[in-house]
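What follows is a set of notes on a single structure, which appears directly below.
These numbers come from a predicted model, not from an experiment. Order of the sequence lines fixes the chain letters, A, B, ..., with proteins taken first and strands second; residue numbering starts at 1 for each chain.
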Amino acid sequence: MKLKAAGKAGAARLPVGARTRAPLVQAALTGAYPDARCELEFRDPFELLVATVLSAQATDVSVNKATPALFGRFPDAHAMSVAEAEDIEPLIRSIGLYRAKARNLAALARQLVERHGGEVPNDFAAVVALPGAGRKTANVVLSNAYGYPAIAVDTHVGRLARRLGLSAQSNPDKVEADLERLFPRERWVFLHHALILHGRRVCFARRPNCPGCVMRDFCPKIGVTEMQPETGQVPA
DNA sequence: ATCCCGAGGG
DNA sequence: CCCTCTGGAT
């Protein structure tokens with residue numbers, strides 16, 4: 001009698017056609033963005049962690065503009081751990097959300113010193129537990145610093161996954177689970193960066209350049225985006 | 001669900 | 001003017 005197969009415990013259903021679209025997406029992105037990589041500037045795992053925390057709801061360009069002075073003043077976790085939030089604020093003000101981020105960074109640096117010897121732990125649970133670092137930040141840091149396989153889901157990755165019919169989820173954690181089911185593990189990190197790059201260059205949040213998209217032939221949202229020229233609004 | 005928040009683009 | 005930007009904490 002129960003037609004509804006999976007309860008809350010089971011994995012959510014993928015969009016129709018996701019399994020056949022995934023390899024097409026992978027091939028198109030590999031061809032279009034063979035050199036996709038992290039665009040945050042950093043010299044070591046600590047700098048990557050700080051830059052990623054700062055990148056929440058901010059562009060990588062604005063983060064990269066502020067971090068040289070920030071790292072000049074606080075080159076490592078030990079130096080930053082003795083800072084007050086008020087000492088950090090003026091250095092990151094231009095990024096936005098600066099009070100919460102300064103408070104988090106001061107607490108984060110202290111936690112790195114107190115619990116991890118001043119180093120960024122190579123451990124997902126430990127990074128997620130740091131102030132200001134959630135699942136997305138932990139995935140970015142571990143994949144770029146330590147080669148950990150992950151697809152960090154940010155605003156771009158989530159939007160493109162939905163438009164491309166790879167996930168029907170709005171929750172980033174569920175989108176991540178869908179994408180990791182659809183793509184081979186060794187391509188996860190590349191696909192994360194390639195989806196972001198495509199979101200920045202072509203599949204904009206507001207007015208995507210569908211005619212110039214390498215995936216226009218199989219994207220289920222093609223056409224939908226051209227139906228609302230006045231507002232420029234596009235269904236997610 | 002709401003708040004944090006400056007900078008850049010259309 | 002409006003929306004968006006490699007989210008996270010409450």
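A donor-acceptor pair under 3.5 Å is absent between the side-chain atoms of A:R21 and the main chain of A:C219, judged by distance alone. Between the side chain of A:R110 and the backbone N or O of A:A83, at least one donor-acceptor pair lies under 3.5 Å. A donor-acceptor distance shorter than 3.5 angstrom exists from the side chain of A:K101 to the backbone of A:A56, with no hydrogens or angles considered. Proximity of a side-chain donor or acceptor of A:N64 to a complementary backbone N or O of A:V61 within less than 3.5 Å is not detected.
Near DNA chain B, meaning a heavy atom under 4.0 Å away, there are no residues from residues 46-63 of chain A. Less than 4.0 Å separates DNA chain B from at least one heavy atom of each of the following residues of residues 86-111 of chain A: A:R93, A:S94, A:I95, A:G96, A:L97, A:Y98, A:R99, A:A100. Near-neighbour residues of DNA chain B inside residues 182-190 of chain A, defined by a heavy atom below 4.0 Å, are absent.
The distance between atom NZ of A:K65 and atom P of C:dT6, rounded to the nearest whole Å, is 15 Å. Distance CZ (A:R206) to C1' (C:dC1): 10 Å, rounded to an integer number of Å. The nearest whole Å value for the distance from the CG atom in A:N171 to the C1' atom in C:dG7 is 13 Å. Across the protein-nucleic acid pair, A:F204 atom CZ and C:dT6 atom P stand 12 Å apart, rounded to whole Å. As a whole-Å value, the separation of A:R135 CZ from C:dT6 C1' is 16 Å. When rounded to the nearest whole Å, the span between CG of A:D154 and P of C:dT4 equals 15 Å. As a whole-Å value, the separation of A:L179 CG from C:dT6 C1' is 14 Å.
Taking atom P in both B:dA7 and C:dG8, one finds a spacing of 23 Å when rounded to whole Å. Taking atom P in both C:dT6 and B:dT2, one finds a spacing of 24 Å when rounded to whole Å.
Evaluation of the ring pair (Phe, Tyr, Trp, His ring centres under 6.0 Å) rule for A:Y33 yields A:H198 as partners, not counting sequence neighbours.
Residue A:T155 has no polar side-chain atom (N or O) positioned under 4.0 Å from OP1 or OP2 of C:dT6. An OP1 or OP2 oxygen of C:dT6 is reached within less than 4.0 angstrom by no side-chain nitrogen or oxygen of A:H193.
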Mind listing the side-chain donor-acceptor pairs of residues 137-147 of chain A below 3.5 Å, one per line with the distance, residues two or more places apart or on another chain?
from   : atom 1 : to     : atom 2 : distance (Å)
A:N139 : ND2    : A:R135 : O      : 3.4
A:N139 : ND2    : A:E176 : OE1    : 3.4
A:N139 : ND2    : A:E176 : OE2    : 3.2
A:S143 : OG     : A:N139 : O      : 2.7
A:S143 : OG     : A:V140 : O      : 3.2
A:N144 : OD1    : A:H193 : NE2    : 3.4
A:N144 : ND2    : A:V140 : O      : 2.9
A:Y146 : OH     : A:V120 : O      : 2.7

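Residues A:E180 and A:I151 come closest through the heavy atom pair OE2-N, 3.4 Å. Looking at every heavy atom in both residues, A:L48 comes nearest to A:C38 through CD1-SG, 4.4 Å. Of all heavy-atom pairs between A:I95 and A:A58, the closest is CG2-CB, 3.7 Å. Closest approach of A:A28 to A:F218, counting heavy atoms only: CB-CZ, 4.4 Å.
Screening A:D178, A:L195, A:D173, A:V175 for a side chain to side chain contact (heavy atoms under 4.5 Å, CB included) involving A:V153 leaves a single residue, A:V175.
Distances from the side chain of A:H192 to the nucleotides C:dC3, C:dT6, C:dG7 place C:dT6 closest.
Taking every nucleotide of DNA chain B with any atom under 4.0 Å from a non-hydrogen atom of chain A, the first and last of them, 5' to 3', are B:dC4 to B:dG9.
Both the sub-6.0 Å distance and the 45° axial angle are satisfied by A:R187 relative to the ring of A:F190.
Mapping A:L130 and A:C38 onto DNA chain C via the closest heavy atom, the residue that lands nearer the 5' end is A:C38.
Within the 4.5 Å cutoff, the side chain of A:D87 has heavy atoms near those of the A:E84 side chain. Using a 4.5 Å cut-off on side-chain heavy atoms (C-beta onward), A:P131 and A:Q111 make contact.
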